[in-house]
Amino acid sequence: MRVVALLLLVLVAVPGCASKESPAPSQPAVPVPLADPLVPLSGTQWVLVDVGGTAMNAARTTLSFDGGPKVSGNGGCNTYSGGVRNQSGTILFGPIQTTRKACAAPIMAQETRYFDVLVGTRGLEVDGNALYFLDITSSRTAHFTKLP
């Protein structure tokens, strides 16, 4: 008798557990990540033209995007290297390491100004063979031309 009662209970319970076909709940749209502006710069080299509209001609200042999160170059007197990353659409350079040579005052002033702008950069803009650093207000702070 127990077996029959158990069997009846199972037969009654199983249809209640069966799921009816229902439409799948709508899934939220997966956001498409913004393109990383650093990717197309990998392997490129640039020479500084001006900072804030002032020509930088005391010495040649360069910037190389070495691939991945690395940059390097010459500040006009000292060589430098460091990191660069895209953090939620904000470009951040640093930490930056430099050699510690001393050069003529105009070259050192230009280099100091460049390094200040480099670590204050929050965005990049590329227009053909021109690269611009952008500050927190998206104003252009430095202008480079691409080296072949």
Side-chain angles (χ1 to χ4, degrees), residues 9-148:
L9 183 61
V10 170
L11 290 174
V12 172
V14 170
C17 291
S19 65
K20 295 180 182 177
E21 298 256 344
S22 62
S26 62
Q27 297 292 326
V30 176
V32 177
L34 298 174
D36 187 344
L38 295 174
V39 171
L41 293 173
S42 183
T44 61
Q45 298 179 341
W46 305 83
V47 63
L48 183 65
V49 176
D50 70 69
V51 171
T54 302
M56 296 288 111
N57 53 16
R60 183 178 164 125
T61 301
T62 62
L63 169 67
S64 296
F65 289 88
D66 300 330
K70 304 269 186 215
V71 292
S72 63
N74 189 300
C77 179
N78 291 283
T79 58
Y80 68 93
S81 64
V84 61
R85 66 189 182 281
N86 178 2
Q87 184 173 312
S88 301
T90 300
I91 303 301
L92 300 170
F93 288 92
I96 301 294
Q97 300 85 34
T98 69
T99 56
R100 301 276 183 200
K101 296 189 301 186
C103 293
I107 295 171
M108 294 304 297
Q110 176 178 306
E111 184 174 86
T112 299
R113 189 162 182 212
Y114 169 66
F115 287 138
D116 288 344
V117 167
L118 179 70
V119 297
T121 295
R122 295 299 177 260
L124 301 172
E125 182 181 319
V126 179
D127 185 9
N129 287 329
L131 168 69
Y132 299 96
F133 282 177
L134 307 175
D135 65 12
I136 197 162
T137 67
S138 297
S139 297
R140 292 178 174 176
T141 57
H143 169 214
F144 297 80
T145 57
K146 191 172 186 177
L147 290 171

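Counting only residues at least two apart or on different chains, the side chain to side chain donor-acceptor pair (under 3.5 Å) pairs with a member in residues 69-80 are D66-S72, N78-T99, N78-E111, Y80-Y114.
Closest non-hydrogen pair, A58 versus I107, comes out as O-CG1, 3.6 Å. In this structure, A59 and G76 approach most closely via the heavy-atom pair CB-O, 3.5 Å. Closest non-hydrogen pair, G67 versus S42, comes out as CA-OG, 3.1 Å. Of all the heavy atoms in M108 and C77, the pair that sits closest is SD-SG, 3.8 Å. Between V117 and A142, the closest heavy-atom pair is CG1-CB, 3.9 Å.
Interatomic distance, OG1 of T141 versus CD1 of I136, reported as 12.0 Å (0.5 Å rounding). Note that the CZ atom of R113 and the CG atom of L118 stand 14.0 Å from one another [nearest 0.5 Å]. Taking CG of L147 as the reference point, atom OG1 of T44 lies at 9.5 Å (rounded to 0.5 Å). For the atom pair CG (D50) and CZ (R140), the distance works out to 10.0 Å, reported to the nearest 0.5 Å. One distance of note links CD of E125 with OG of S138; it measures 9.0 Å at 0.5 Å rounding.
The side-chain heavy atoms of L92 and R122, taken from C-beta on, include a pair separated by under 4.5 Å. With a 4.5 Å cut-off on side-chain heavy atoms, L134 and T121 do not count as touching.
Not counting sequence neighbours, R85 has no partner by the salt bridge (charged side-chain N to carboxylate O under 4.0 Å, His left out) test. Evaluation of the side-chain hydrogen bond (donor to acceptor under 3.5 Å, both in side chains) rule for Q45 yields no partner, not counting sequence neighbours. T137 pairs by the side chain to side chain contact (heavy atoms under 4.5 Å, CB included) definition with D135, S139, not counting sequence neighbours. Scanning for side chain to side chain contact (heavy atoms under 4.5 Å, CB included) contacts around T145 gives V47, V49, H143, with sequence neighbours left out. Annotation: ring pair (Phe, Tyr, Trp, His ring centres under 6.0 Å) contacts of F133 (sequence neighbours excluded): F93, F144.
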(request) Start with the C-alpha gap between L38 and V84, add the side-chain angles, then the distance that decides, and say whether side chain to side chain contact (heavy atoms under 4.5 Å, CB included) holds. (result) CA-CA 8 Å; L38 295 174; V84 61; 3.9 Å; yes
(request) Go through the steps to decide whether F115 and T98 satisfy the test side chain to side chain contact (heavy atoms under 4.5 Å, CB included), and finish with yes or no. (result) CA-CA 10 Å; F115 287 138; T98 69; 3.7 Å; yes
(request) Given side chain to side chain contact (heavy atoms under 4.5 Å, CB included), test L63 with L48 step by step and report yes or no. (result) CA-CA 8 Å; L63 169 67; L48 183 65; over 6 Å; no
